[in-house]
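Notes for the one structure printed next.
Keep in mind that this is a model prediction, so the values were computed, not measured.
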Amino acid sequence: MEKNVNLTEGKTRKRKASDEAQTFPHLALDELNEDLLEKILSCLPASSFFRLRSVCKRWSSVSASTTFRIACSQIPFRDPWFLMVDQDLDHSIILDISERNWKSLNKPRCVNQSNQASWIAVASSGGLVCFRSTTGEFMACNPLTGTCREVPPAHETQPLLAIAMSSSHKNSSSYRIVLVAGELPNLCYRVFDSEKNKWEGEVSLYRKAESSPETELAGGDTLYFLNKSGDVVATNMQRNPSRQFLAVMSIKDGEEIAYFLSHSGSVVACNITRRTFHEYPRLLPVCYEYSIDVVICNKEMAVVVLSEFFETASLRLWRFSEVEKAWKQVAAMPPAMSHELFGKKADINCVGCGNMIFVCINSNDFSRYVIYNVVTNEWLELPKCIVDGKAKDFMSVFSFEPRLEASV
């Protein structure tokens, strides 16, 4: 489409710009020294990093330099990208929250080259995502650069319960993968240390004295009950493959804690530093149909619950009060938004990042994606992701910071 241009206006603007340049001379980017140029370019949005190479030879050289990655590591926080997982376990779509648009992402080279196993995202931290194959191997990956590294086999000897990942802000190549295994109340954990490139020995976890053992079904037993529709429902939670073993990590009072959901939906906290665990009181009765997920938001653990009551649906955020030893509601989706979820028999999968919580809501014939800002108390419904003229449906989501410097 041609654009009409006012030639007179163009000359006026050109002459004015020329006059300003003579009066107020500007320093061109190509006149900057290397260090200053790297600091400036490192402040650009992550999505622009790949375009640096096409600007000029110098910028292309800068984008590939080690010192530029060091400059990028000095940026304390980047707006997160959300890695989406669809029903076919495809990980090729991300949501760029800074630009509020969907982007296609190339699969990691290791995933493309592996024909022996199907890789599934299971955890994330910092700029990295942890994948697990259907045969039990693990792989750490930087989705932004596509670099990845297969982790030595863990040789699990007990039933796997949870997988968590933590990374260091001070060292972009340092990360840990934590596996929690066993059956309540007999739990243990193992840690993979990237700096040592090996799994540490198995460590037993002991129940804290004040923990209430009755909060969990004995031996992981499953109860069955009739819901309002007359369907038989099991108390044993059924989660999709990418969220089956999901745990979230947090540093509380200098101690590393992994939180995950038990088979019956109660929240379990494993203190890796003290080698103890405890179960939180159940939020809702065991014979109650609802969907629940645990997140870390603003460095605190919270749970998101989707339930139905009095012919409507509600989506609420809860935190546990250590003073009152009880769950306290801190936020709720506006009724006009949550009522549309009534009768959908939807499942929620959530992830927290900074002051945001991404809620992925889906069922067999329904999908919806919402971001909640805990600071502004705003709920934002995201537009559908359209690929080849069709809307993509996602069943789970993982967050990561798009960081070039994060290495595996």
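A perpendicular orientation is assigned to the rings of F320 and W327, their planes being inclined by more than 60° (bins at 30° and 60°).
Side-chain atoms of V304 and I292, non-hydrogen and from C-beta on, never get closer than 4.5 Å to each other. A heavy-atom distance below 4.5 Å is found between the side chains of V305 and W318. Annotation: side chain of E183 is not in contact with side chain of Q158 (no heavy-atom distance under 4.5 Å). Side-chain contact between F260 and V180: present, with at least one pair of heavy atoms (C-beta onward) separated by less than 4.5 Å.
Residues satisfying the side chain to side chain contact (heavy atoms under 4.5 Å, CB included) test with T67, not counting sequence neighbours, are E38, S65. The salt bridge (charged side-chain N to carboxylate O under 4.0 Å, His left out) check on D86 picks up K392, with sequence neighbours excluded. The ring pair (Phe, Tyr, Trp, His ring centres under 6.0 Å) search around F192 returns W199, not counting sequence neighbours. Residues that satisfy the salt bridge (charged side-chain N to carboxylate O under 4.0 Å, His left out) test with E300, not counting sequence neighbours, are R319. The side-chain hydrogen bond (donor to acceptor under 3.5 Å, both in side chains) test applied to Q329 returns R316, not counting sequence neighbours. Residues passing the salt bridge (charged side-chain N to carboxylate O under 4.0 Å, His left out) test with R403, sequence neighbours excluded: E401, E405. Remark: Y189 engages no residue in a ring pair (Phe, Tyr, Trp, His ring centres under 6.0 Å) (not counting sequence neighbours). Residues meeting the salt bridge (charged side-chain N to carboxylate O under 4.0 Å, His left out) test with R275, sequence neighbours left out: none. Partners of F398 under the ring pair (Phe, Tyr, Trp, His ring centres under 6.0 Å) rule, at least two apart in sequence or in another chain, do not exist in this structure. Scored by the ring pair (Phe, Tyr, Trp, His ring centres under 6.0 Å) test, W102 finds F394 as partners (sequence neighbours excluded).
For the pair E137 and R132, the salt-bridge criterion is not met [side-chain N within less than 4.0 Å of a carboxylate O]. Using a 4.0 Å cut-off between charged side-chain N and carboxylate O, R176 and E195 make no salt bridge. The pair E99-K103 meets the salt-bridge criterion, since a charged nitrogen lies less than 4.0 angstrom from a carboxylate oxygen.
Side-chain atoms of R149 and N197 form a donor-acceptor pair, as typed in the model, at a separation below 3.5 Å. Checking D347 against S291 by side-chain atom types alone, a donor-acceptor pair falls below 3.5 Å.
Side-chain atoms of H91 come within 3.5 Å of backbone atoms of A121 as a donor-acceptor pair (strictly under, hydrogens ignored). In terms of modelled atom types and a separation under 3.5 Å, the side chain of S167 and the main chain of Y175 share no donor-acceptor contact. With S321 contributing its side chain and E324 its backbone, the two residues share a donor-acceptor pair below 3.5 Å. Between the side chain of N349 and the main chain of M395, a donor-acceptor pair closer than 3.5 Å is present. Counting only distance, with no hydrogens or angles, the side chain of S124 and the backbone of S399 share a donor-acceptor pair below 3.5 Å. A donor-acceptor distance shorter than 3.5 angstrom exists from the side chain of S250 to the backbone of K299, with no hydrogens or angles considered. S266 places no side-chain N or O within 3.5 Å of a backbone atom of R282 that could act as its donor or acceptor partner. In this structure a side-chain-to-backbone donor-acceptor pair under 3.5 Å is missing from N271 to T276. Under a 3.5 Å cut-off, the side chain of K384 and the backbone N or O of S367 do form a donor-acceptor pair.
A distance of 10.5 Å separates CD1 in I177 from CG in D193, rounded to the nearest 0.5 Å. One finds the OH atom of Y372 at 10.5 Å from the CE atom of M333 (value rounded to the nearest 0.5 Å). Here CG of L105 is found 8.0 Å from CG of L144. Values are rounded to the nearest 0.5 Å.
Closest heavy-atom contact between L95 and L382: CD2-CD1, 3.5 Å. Taking all atoms of both residues into account, the shortest heavy-atom contact from L246 to A123 is CD1-CA, 4.3 Å. Taking all atoms of both residues into account, the shortest heavy-atom contact from N362 to Q87 is OD1-NE2, 4.5 Å.
With N373 as reference, V375 is the one residue of N377, V375, I371 to meet the side chain to side chain contact (heavy atoms under 4.5 Å, CB included) rule.
For residues 71-83, the side chain to side chain donor-acceptor pair (under 3.5 Å) pairs, not counting sequence neighbours, are W81-D96. Pairs of residues two or more places apart, or lying in two chains, that qualify as salt bridge (Lys or Arg N to Asp or Glu O under 4.0 Å) and include a residue from residues 196-205 are K196-E200.
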Test salt bridge (charged side-chain N to carboxylate O under 4.0 Å, His left out) on R190 and E156 and set out the steps. CA-CA 9 Å; R190 295 189 67 190; E156 302 155 23; over 6 Å; no
Could you go through the salt bridge (charged side-chain N to carboxylate O under 4.0 Å, His left out) check for E308 and K344 one step at a time? CA-CA 10 Å; E308 295 186 0; K344 302 295 185 181; over 6 Å; no
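Remark: N364 CG is loosely packed, at most 12 non-hydrogen atoms of other residues, nucleotides or ligands lying under 6.0 Å away. Under a cut-off of 6.0 angstrom, the local environment of OH in Y206 is sparse, with at most 12 non-hydrogen atoms contributed by other residues, nucleotides or ligands.
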